[in-house]
Amino acid sequence: MVVTQLDLELCFQGTKLRGFRCEFTRCPRGVLPETTFTIVGQVVVPVLLSGLGMVMAGLLMNTVQHWPVFTEVKDLLTLVPPLVGLKGNLEMTLASRLSTAANTGQIDGPREQHRVISSNLALIQVQAAVVGLLAAVAALLLGAASGQELDAVEAEVLCASSVITAFLAACALGMLMVCIVIGARKLGVNPDNIATPIAASLGDLITLSILAFVSSFFHKHRDSRYLTPLVCIGFTALTPLCILIAKQNPPVVKILKFGWFPIVLAMLVSSFGGLILNKTISKQQFRGMAVFAPIICGVGGNLVAIQTSRISTYLHLWSTPGVLPLWMKKRWPNPCSTFCSSEINSVSARVLLFLVVPGHLIFFSIIYLVEGQSVPNDKTFVGLYLLAGLVQVTILLYLAEATVRLTWNQALDPDDHCIPYLTGLGDLLGTGLLALCFLAHWLLRSETVLDGTSEPASGPS
């Protein structure tokens with residue numbers, strides 16, 4: 001029997017074909033056909049857990065924004081989205097690479113597993129140190145461009161805090177990703193469905209906690225002239241060792257040489273989201289925005305990372321870099337085919353989109369229970385907030401399909417190139433739409449108040 005690419009695609013979706021199922025593929029490389037219920041069952045719990053982590057990060061953000069270091073070092077708020085977004089640039093990219101390696105059998109042997117894991121962990125340490133420093137420089141430049149004065153001591157505190165936070169968070173989350181992917185592989189669960197959500201569940205909280213405490217420490221000891229330079233030099237000295245370890249794996253060497261553009265560009269995009277946060281968070285009409293910013297950015301980045309990782313694995317299984325399967329030949333897919341077809345990537349896109357509203361409602365309810373009247377809670381705001389979340393995720397899921405096709409067609413690995421762009425864009429879209437949500441709510445409330453005060457004046461004379 002001649003087996004076509006279309007037959008393979010139908011088999012991958014679990015469709016019975018001519019009376020047999022997966023007879024010719026035998027579920028190659030350990031991947032089992034997935035149904036809607038399989039995807040929902042594997043995705044829902046990690047996504048909800050990640051959401052709880054983001055809620056905790058939002059509550060923490062609402063607290064630390066009033067700490068002296070955040071009120072005195074203004075550019076520190078600009079630094080929050082790009083540093084927290086490093087989980088998308090580095091840890092989620094790592095999780096996606098390891099998930100693809102697990103699903104394609106590249107880490108089944110102990111020796112190969114050690115080589116792949118150690119080189120990838122060393123890689124993200126190098127990337128974290130460099131991107132952490134660049135994020136601090138970008139925050140300083142954006143602050144200067146917006147009219148803030150540049151202080152040398154504050155610049156030192158900002159750079160040291162950024163580098164150390166990025167380095168420590170990358171180390172902790174990288175080890176966690178390794179454990180999750182290997183554990184999922186042994187349990188027969190698709191790592192693509194759970195690794196990136198769990199990275200998001202602790203990524204925001206861990207990164208924000210480290211940033212808050214490290215920056216507070218350096219701010220408290222800012223009069224110690226040599227402390228911040230010595231700490232930065234110490235962490236920088238570890239970079240050559242990490243480079244040597246990373247060079248054990250040829251694919252990682254390629255990322256080390258040519259993989260900087262996606263993560264640096266994503267960091268710059270996230271920095272503009274941080275600038276929006278910095279300029280709005282202290283104003284009365286945006287009261288409560290600090291709580292919701294990590295959640296809406298995190299949910300969008302989380303869901304698009306899952307979808308990107310799944311499509312990337314799908315292409316690694318059924319095609320070769322530079323050649324798109326017959327059913328994915330269009331570089332810019334039709335939005336209807338992205339969300340409404342029976343193809344497996346469309347099914348997962350629908351599942352992820354349907355999780356947005358109930359997920360945000362659950363997270364909103366928890367925030368309201370904890371924060372009470374300090375956050376907007378009327379029906380108008382809830383409606384605007386849910387609309388912002390839906391618009392953000394819809395745009396990101398469509399762009400995930402389009403960017404993966406474009407990068408694959410250029411013989412580039414989507415695991416390394418797409419997730420940073422999309423999570424960075426998710427931060428910018430999330431922060432921007434959230435700011436518009438708060439502004440629209442404030443304008444609608446102001447109009448209602450004005451109407452209420454003008455009505456008595458127009459009563460009977």
Side-chain angles (χ1 to χ4, degrees), residues 43-62 64 77 79-93 95-96 165 169 173 176-177 194-211 266-267 269-270 273-274 276-277 281 288-309 352-353 355-367 375 385-386 388-397 400 419-435 437:
V43 167
V44 167
V45 173
V47 167
L48 289 177
L49 287 175
S50 71
L52 293 177
M54 294 166 201
V55 169
M56 293 174 67
L59 295 172
L60 177 63
M61 182 67 201
N62 200 35
V64 301
L77 281 172
L79 196 61
V80 170
L83 267 190
V84 170
L86 277 181
K87 74 176 188 302
N89 295 344
L90 303 182
E91 282 76 32
M92 283 185 174
T93 304
S96 184
T165 299
L173 293 170
L176 179 64
M177 286 303 95
I194 65 171
T196 50
I198 294 177
S201 67
L202 294 175
D204 290 357
L205 186 61
I206 288 174
T207 306
L208 190 55
S209 300
I210 294 173
L211 177 63
M267 178 272 296
V269 172
S270 294
I276 295 172
L277 187 66
I281 200 170
M289 186 172 165
V291 186
F292 293 103
I295 299 169
I296 194 168
C297 294
V299 169
N302 191 358
L303 296 179
V304 76
I306 295 173
Q307 182 70 352
T308 305
S309 183
L352 296 173
L353 190 60
L355 291 176
V356 173
V357 171
H360 272 304
L361 284 174
I362 292 171
F363 308 146
F364 187 93
S365 301
I366 295 171
I367 288 173
V375 295
Y385 177 70
L386 294 178
L390 276 172
V391 170
Q392 176 207 30
V393 174
T394 302
I395 293 172
L396 290 175
L397 291 177
I419 290 180
Y421 292 138
L422 293 167
T423 52
L425 183 60
D427 289 344
L428 180 58
L429 276 175
T431 310
L433 289 170
L434 186 63
C437 173

Nearest atoms (heavy-atom pairs only) where [X] meets [Y]:
| X | Y | result |
| --- | --- | --- |
| Asn62 | Ala290 | OD1-CB, 4.0 Å |
| Ser209 | Leu60 | OG-CD2, 3.3 Å |
| Pro81 | Gly274 | CG-CA, 3.3 Å |
| Phe363 | Gly51 | CZ-CA, 3.2 Å |
| Ala388 | Leu433 | O-CD1, 3.6 Å |
| Pro294 | Gly58 | CG-CA, 3.7 Å |

Flag the pair [X] / [Y] as yes when at least one side-chain heavy-atom distance between them is below 4.5 Å, and no otherwise.
| X | Y | result |
| --- | --- | --- |
| Ile281 | Met61 | yes |
| Val47 | Leu303 | yes |
| Leu353 | Leu390 | yes |
| Asn302 | Met54 | yes |
| Asp427 | Val269 | no |
| Ile295 | Ile367 | yes |

Check: [Y] main-chain N/O paired with [X] side-chain donor or acceptor under 3.5 Å:
| X | Y | result |
| --- | --- | --- |
| Ser270 | Ala266 | yes |
| Thr431 | Leu428 | no |
| Gln392 | Ile296 | yes |

Gap between atom [atom2] of [Y] and atom [atom1] of [X] - 0.5 Å precision:
| X | Y | atom1 | atom2 | value |
| --- | --- | --- | --- | --- |
| Ile366 | Leu361 | CD1 | CG | 11.5 Å |
| Leu48 | Leu355 | CG | CG | 7.5 Å |
| Ser50 | Leu205 | OG | CG | 12.5 Å |
| Ile206 | Leu176 | CD1 | CG | 7.0 Å |
| Gln307 | Ile419 | CD | CD1 | 11.0 Å |
| Thr207 | Leu173 | OG1 | CG | 5.5 Å |

Item to complete: Determine whether the aromatic ring centres of Phe292 and Phe364 lie less than 6.0 Å apart.
Response: yes
